[in-house]
Visitor: 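Take this structure, written in structure tokens, and hold onto it; I'll ask about it next.
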Amino acid sequence: MSDPEQKNPAAPTNGSNARAMEELHTPPMRLQFGPSHPATHGTVKITLDLEGEQVVWSEVEVGYLHRGFEKECETGYYYQNIPYTDRLNYSSPILNNVGYCMAVEKLFGIVTPPRCDYLRVIGGELSRLADHMLCIGASAMELAAFTPMLYLIEGRELMLDLVDALCGARVTTNFVRIGGVSADMPEGFREFAIERIDKALTLVEDANKLLTNNPVFRRRMEGTGYLSPKDLVAWGVTGPMLRAGGVPYDIRRVHPYLVYGDLDFEVPVGEHSDNFDRYLVRMAEIPQSRSMIVQCFDKLPGGPVNADDPRVRWPAKGRVFNRMEELIDQFKLVTEGGMAPVGEVYHAVEAANGELGFYIVSDGTGKPWKCRCRAPSFSNMSPLSKMITGGQLADVVPTFGMINMIGGECDR
Amino acid sequence: MTADNNGEKPAAPALPPLLRKVIDRLGAIVLEHKSAQGDDRINVARENILEAARMLRDDPELAFDLLLDVTAIDYLGQPDDFETNLQVWDQNRASMRRQPQRRHELVLPPRGPNPRFAVVYHLTSTAHLHVLRVKCRVPEDDPTIPSVTSLWPGANWLERETYDMYGIRFEGHPDLRRIYLYEEFVGHPLRKDYAKHGEQPIQEYVGPGAKEPRRPH
Amino acid sequence: MSNANPLLAILSGLWVSTRHFLRNLSRFARGRQDFAIHFPEQRLVQPPALRGMPVLVQMDNGKERCVACGLCEWACPTTCITIYPAETTDEVERYPQIFDIDMARCMFCGLCEEACPEEAIVMSRQIEIASYSRRGSLWHKQDLLVPVNQLKTRTDYLRRNYDR
């Protein structure tokens, strides 16, 4: 008996097959999971040590999509950085636009007109719908459920058609401007949007029927990726992951921005803090977003969509063509970027994955001295190693899928 | 310390309730505080950051249990943190305007007397829902600061990122490595003296199998 | 819902996908054609807001409307526009001698169009800009000029937002 003990001092001795474990024990197998693995939607490398199927040690490595977003922002004018924010979370770009522009508006002290706020909420919630559909569909596909992926991607396409009609691009939206939005919504957009959203929601309902009660799906999702609510908060996790742990922390509710204070919506929370509750929270947020969009259409006021603030918002084109003062204003704003007041602001919005904050330090020029993006995916990814260690290898995939790590946002 | 509190008393009506509470609890640890544009900020010395962070987290009235963000600011060539000495900064600013011919180059003014870096923490509380910004100045010749990983495990990656981007070493961090860039990378790219278009050759791979072709040509 | 019978759940899932199949089959039998867009022959109907590649507006006299003020060059985040202005004896006095857009760098953000004080550079509906070489993605002034009547959709869309 002493020989195997010496060979493997760390061999487990509990359980009924302790003797077999002692004799058959081999050193842990090192498995490189990623960087581009078909079962992950995101470029990330996970190094795993496996004892059989069990993960005994893991390390997560991000940074494969690092593009220097913050360095790039420091060399561009405030308005030039808006297209770059599309590339942060590329499955819900309007929310990033809103986050960045609201941070800059907070720095300038601009109050946007109500119609602009409503349009931003409409665009943002459309993006959130698309993001949740993509997250659920891709996660289901990674668990080998291919059909819901087809339905949900079709639903996402319908959402992207709406975004396309709203701002002229499906993914690289560049919709929101500092102090306004790029264009008013097209005519007949309300009916078009509600019809499309309802069509997409029937597809979500189909996916719901396929997934929620499916025993295979539930067994892979329930109880995996558990992290206690206290740990979730300590690790800086926000968004649907935190709400699945029972903490009702939603920026739209706790620090209402834009018109979220006027809208009637629920913040769905889970209780088990596992992957299945994360899935359920996302599923429950989809009808909430639909309800918010309908409320916004009902309450949508008339009036301008741009703040009349000559410090930063470019003058209307009709006046630029015909009047000298606005022409000079246009030249000054484009070439100097609008001089920001000195100061520093942090503003957070609720993106699809959690709290998306922008911390902007201004030195009084037209360019930010520092533009920091507090990316939700980055903070949500950091406890992944803790969540998967001790579990099974197969649990890595749903856990990673429900974190919904977006490389562009996590690696910036 | 009473002297500090006495000094703050005249400004008391303008002080937001959160800052009042924080200053009451932390006392002399708070070197400086400011409330502007809706954000509350305190400055602490870097030796006291761990103590301040622990008090901020454990006090039931404050209960900053969620560390949102850790980052740093490089105040290279800047006299102070853009809030005092504006005249000096205005003089320096002219040379920093972007010229059309060299749009992405920075002409940096000479260095100022204050510590170059500031490490910035953003804290919030899931119970009281207030947000606080904590700032610590860190000098250039000794860019170290105690790590808060022991209080908030989520600071792990955020501090690694700050180290990667600014070269600030967090003492007591369990695993201080670069997170985005590769280990052979020279310099820290978000420092203001790192040129944006600076290129670094990718280090040649010298590990096992290095001589074999990676893919058939 | 957590206590649902697993067999029932699987059967209801099967019914969902069967329903989709039958619906698609019946539509196919009734002659529905839009399962796929056969791309070069058929095109998607794009909304009027579509931002394609930026082009220069060509006036009726065959010249560009651009006066080479350089605002689009300033506004471009990726610095993909290159303008060399020159003088002319026309009414506008200035014209771009060289106007190049590097489409490999352009990200179709539309800031050039928004910055332009003359409505001389607009985002067209052209999105097929692939080329066989990198040099092919450098578009010169002559390639970029598009007659103004072909850009009516976009200019109408822009004029709708003139007053905002």
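Numbers restart at 1 for each chain; the letters A, B, ... are given by sequence-line order, proteins then strands. Computed from a prediction, not measured in an experiment: that's the story for all the values here.
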Visitor: So does A:Glu205 pair up with C:Arg19, basic N to acidic O under 4.0 Å?
Guide: no
Visitor: Measuring heavy-atom distances to chain C, does A:Leu203 have an atom under 4.5 Å in its side chain, in its backbone, in both, or in neither?
Guide: side chain
Visitor: Report, as yes or no, whether the 6.0 Å neighbourhood of atom CG on C:Asp156 holds more than 12 heavy atoms from other residues, nucleotides or ligands.
Guide: yes
Visitor: Does any heavy atom of chain C fall under 4.5 Å from the side chain of A:Arg170, the backbone, both, or neither of them?
Guide: neither
Visitor: Identify the heavy atoms of A:Tyr79 and C:Ala75 that sit nearest to each other, and give their distance.
Guide: OH-CA, 3.4 Å
Visitor: Return the option, out of C:Leu44, C:Leu14, C:Val16, C:Leu50, with the maximum number of heavy-atom pairs under 4.5 Å with chain A.
Guide: C:Val16
Visitor: With a 4.5 Å cut-off on side-chain heavy atoms, are A:Phe331 and C:Trp74 touching?
Guide: no
Visitor: More than 12 heavy atoms of other residues, nucleotides or ligands under 6.0 Å from CZ of C:Arg23: is that the case?
Guide: yes
Visitor: Which heavy atom of A:Tyr84 sits nearest to which heavy atom of C:Pro77, and what is that distance?
Guide: OH-O, 3.1 Å
Visitor: Is it the case that atom CD in C:Glu87 sees more than 12 heavy atoms from other parts of the structure closer than 6.0 Å?
Guide: no
Visitor: Relative to chain C, which segment of A:Arg219 carries a heavy atom at a distance below 4.5 Å: side chain, backbone, both, or neither?
Guide: neither
Visitor: Identify the two heavy atoms, one from C:Leu111 and one from A:Pro83, that lie closest to each other, and give their separation to 0.1 Å.
Guide: CD1-CG, 4.1 Å
Visitor: Can you name the nearest heavy-atom pair linking C:Ala49 to A:Ala165, along with the distance?
Guide: CB-O, 3.7 Å
Visitor: Using a 4.5 Å cut-off on heavy atoms from C-beta on, say whether the side chain of A:Gln80 contacts that of C:Thr78.
Guide: no
Visitor: Is chain C contacted by the side chain of A:Tyr151, its backbone, both, or neither, given a heavy-atom distance below 4.5 Å?
Guide: side chain
Visitor: Other residues, nucleotides and ligands only: do more than 12 of their heavy atoms fall within 6.0 Å of CG on A:Asp308?
Guide: no
Visitor: More than 12 non-hydrogen atoms from neighbouring residues, nucleotides or ligands closer than 6.0 Å to CZ on C:Phe39, yes or no?
Guide: yes
Visitor: Begin from the C-alpha positions of A:Thr172 and C:Phe108 and carry the test side-chain contact (heavy atoms from CB on, under 4.5 Å) through to its verdict.
Guide: CA-CA 8 Å; A:Thr172 55; C:Phe108 292 22; 5.5 Å; no
Visitor: Counting only heavy atoms closer than 4.5 Å, note whether C:Ser17 contacts chain A via side chain, backbone, both or neither.
Guide: both
Visitor: Please classify the contact of C:Glu118 with chain A as side chain, backbone, both or neither, using a heavy-atom distance under 4.5 Å.
Guide: backbone
Visitor: Looking only at heavy atoms and a cut-off of under 4.5 Å, which of A:Leu333, A:Asn214, A:Ile82, A:Asp184 has the most pairs with chain C?
Guide: A:Asp184
Visitor: Which pair of heavy atoms, one from A:Gln330 and one from C:Glu114, lies closest together, and at what distance?
Guide: NE2-O, 3.1 Å
Visitor: Taking all atoms of both residues into account, what is the closest heavy-atom pair of C:Ala9 and A:Asn213, and its distance?
Guide: CB-O, 3.1 Å
Visitor: Under 4.5 Å, counting heavy-atom pairs only, tell me which of A:Asn81, A:Asp206, A:Leu166, A:Leu327 racks up the most with chain C.
Guide: A:Asp206
Visitor: Under a 4.5 Å cut-off applied to non-hydrogen side-chain atoms, are C:Arg51 and A:Asn174 in contact?
Guide: yes
